[in-house]
Amino acid sequence: MYKHVTDMDNLQRLLLEYQEDYVINTMKPMDLVFFKDCIAHLSRCCRVLRQPRGCAMLVGVGGSGRSSVAKLATHMSTTEDGDDYTLFTIEVGRGYGLTQFREDIKELLFKCGIEGKPHTFLFNDTQIADESFLEDVNGLLNAGEVSSLFASDEAERIIGGCRARAKTRGLETRDGIWSDFISTVRENLHIVLAMSPVGDDFRARLRQFPSLVNCCTIDWFTAWPADALLSVAQK
């Protein structure tokens, strides 16, 4: 249910509690200043993640808080059954290419499709070591799968892991089990793209991969207002 917030002070206290809980559980520092714009972005991200198959594109320059908002929104989100969302990111280092990226994607799809666990895949444009990464992300957004991703033994693992669940839904054929896997992936995978509009790359990528726009709710991180700058300075 959507509830309109009227008591901003109470909301700020609640978000501070969530932030403290995030730091305790992840052992990673986070020290956000919850001025009005930050709260608005966080609320939007939470709403998108809780929507069926909800994905988001957070557009703003580096340092505007896109990743922090996505991480805290993921920590705050749960399914109707009470399952907590899990954040999934990739670690791009020297030698990281399409092969390593696809291995990470396989791991993510196994968790979402076989185990049925809700995940937020946070993907930053600084992690695009190869433009083909976006082609795979485009496929995940549009259809919930990447063509020719799984080897035959991995496909058998998927069929075996999803057979019991698919059977309860009346799907016993191989194609039925596979479609159940893809459907479960789409229900549990929420992609959050953190993109910068600076330069020509952003425009070119949106033209080349239309699902980045069509399948995402877009939230623009514009310049901070004066009250936000004052809040940060006071903090």
Side-chain angles (χ1 to χ4, degrees), residues 19 22-23 26-33 35 37-38 40-42 44-46 48-49 54-77 85-109 111-112 118-142 144 146 149 189-224 228-229 232:
Q19 182 174 251
Y22 172 88
V23 173
T26 64
M27 302 299 291
K28 294 179 181 177
M30 179 179 284
D31 192 18
L32 295 179
V33 180
F35 50 85
D37 273 28
C38 179
H41 289 304
L42 186 56
R44 289 182 198 125
C45 196
C46 284
V48 172
L49 291 180
C55 297
M57 182 192 294
L58 311 182
V59 184
V61 297
S64 55
R66 300 163 306 171
S67 295
S68 296
V69 162
K71 290 173 182 177
L72 187 55
T74 298
H75 182 71
M76 293 168 62
S77 299
Y85 282 44
T86 302
L87 183 74
F88 184 90
T89 58
I90 60 173
E91 294 292 335
V92 179
R94 182 176 296 177
Y96 189 95
L98 182 61
T99 301
Q100 292 76 16
F101 179 72
R102 288 194 161 182
E103 287 301 318
D104 286 338
I105 293 299
K106 287 178 189 178
E107 179 189 347
L108 175 61
L109 298 188
K111 290 176 179 177
C112 292
H119 282 71
T120 297
F121 176 29
L122 175 58
F123 187 55
N124 198 304
D125 57 1
T126 59
Q127 298 172 321
I128 304 175
D130 189 319
E131 290 296 316
S132 56
F133 289 8
L134 280 177
E135 186 174 349
D136 290 352
V137 171
N138 187 75
L140 289 174
L141 286 167
N142 187 43
V146 177
L149 178 65
L189 176 59
H190 301 271
I191 298 174
V192 176
L193 305 173
M195 311 289 277
S196 171
V198 178
D200 295 329
D201 288 345
F202 181 60
R203 187 184 301 111
R205 286 163 177 167
L206 296 191
R207 280 201 298 261
Q208 191 173 357
F209 306 109
S211 291
L212 300 183
V213 171
N214 299 337
C215 300
C216 288
T217 300
I218 302 173
D219 184 15
W220 281 84
F221 283 60
T222 52
W224 287 0
L229 298 173
V232 172

Which atom of V61 lies closest to which atom of S64, heavy atoms considered: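 Here V61 and S64 meet closest at O-OG, 2.7 Å.
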Full working for side chain to side chain contact (heavy atoms under 4.5 Å, CB included) between M57 and L206: CA-CA 11 Å; M57 182 192 294; L206 296 191; 3.8 Å; yes
Taking the side chain from [X] and the backbone from [Y], do they hold a donor-acceptor pair closer than 3.5 Å?
{"X": "R102", "Y": "L149", "result": "no"}
{"X": "D136", "Y": "V146", "result": "no"}
{"X": "S68", "Y": "G65", "result": "no"}

Roughly how far apart are [X] [atom1] and [Y] [atom2], rounded to 0.5 Å?
{"X": "L42", "Y": "Q19", "atom1": "CG", "atom2": "CD", "value": "9.5 Å"}
{"X": "H190", "Y": "L122", "atom1": "NE2", "atom2": "CG", "value": "14.0 Å"}
{"X": "F101", "Y": "I128", "atom1": "CZ", "atom2": "CD1", "value": "9.0 Å"}
{"X": "H75", "Y": "M30", "atom1": "NE2", "atom2": "CE", "value": "9.0 Å"}
{"X": "W224", "Y": "C38", "atom1": "CH2", "atom2": "SG", "value": "8.0 Å"}
{"X": "K111", "Y": "L189", "atom1": "NZ", "atom2": "CG", "value": "12.0 Å"}

With the side chain counted from C-beta on, respond yes when [X] and [Y] share a heavy-atom pair under 4.5 Å apart, and no when they do not.
{"X": "V69", "Y": "V192", "answer": "no"}
{"X": "R205", "Y": "L193", "answer": "no"}
{"X": "T26", "Y": "K71", "answer": "no"}
{"X": "Y22", "Y": "L32", "answer": "no"}

Listed partners of F209 passing ring pair (Phe, Tyr, Trp, His ring centres under 6.0 Å), at least two apart: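 Applying ring pair (Phe, Tyr, Trp, His ring centres under 6.0 Å) to F209 gives none.
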Side chain to side chain contact (heavy atoms under 4.5 Å, CB included) partner of F121, the single match among L108, T89, L87: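 Of the listed options, the one satisfying the test is L108.
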Evaluation steps, side chain to side chain contact (heavy atoms under 4.5 Å, CB included), between F88 and E107: CA-CA 10 Å; F88 184 90; E107 179 189 347; 4.2 Å; yes
Contacts of D200 that satisfy side chain to side chain donor-acceptor pair (under 3.5 Å) - sequence neighbours left out: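 If we apply the side chain to side chain donor-acceptor pair (under 3.5 Å) test to D200, skipping adjacent residues, the hits are R203.
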Whether F133 and F123 hold their rings parallel, tilted or perpendicular, with breakpoints at 30° and 60°: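 Ring orientation, 0 to 90° scale: tilted.
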Stepwise side chain to side chain contact (heavy atoms under 4.5 Å, CB included) test for T126 and V92: CA-CA 9 Å; T126 59; V92 179; over 6 Å; no
Distance-only donor-acceptor hits, side chain of residues 215-223, under 3.5 Å, sequence neighbours excluded:
from, atom 1, to, atom 2, distance (Å)
D219, OD1, H41, ND1, 3.2
D219, OD1, R44, NH1, 3.0
D219, OD2, H41, ND1, 2.8

L212 vs F202, side chain to side chain contact (heavy atoms under 4.5 Å, CB included): CA-CA, chis, key distance, verdict: CA-CA 11 Å; L212 300 183; F202 181 60; over 6 Å; no
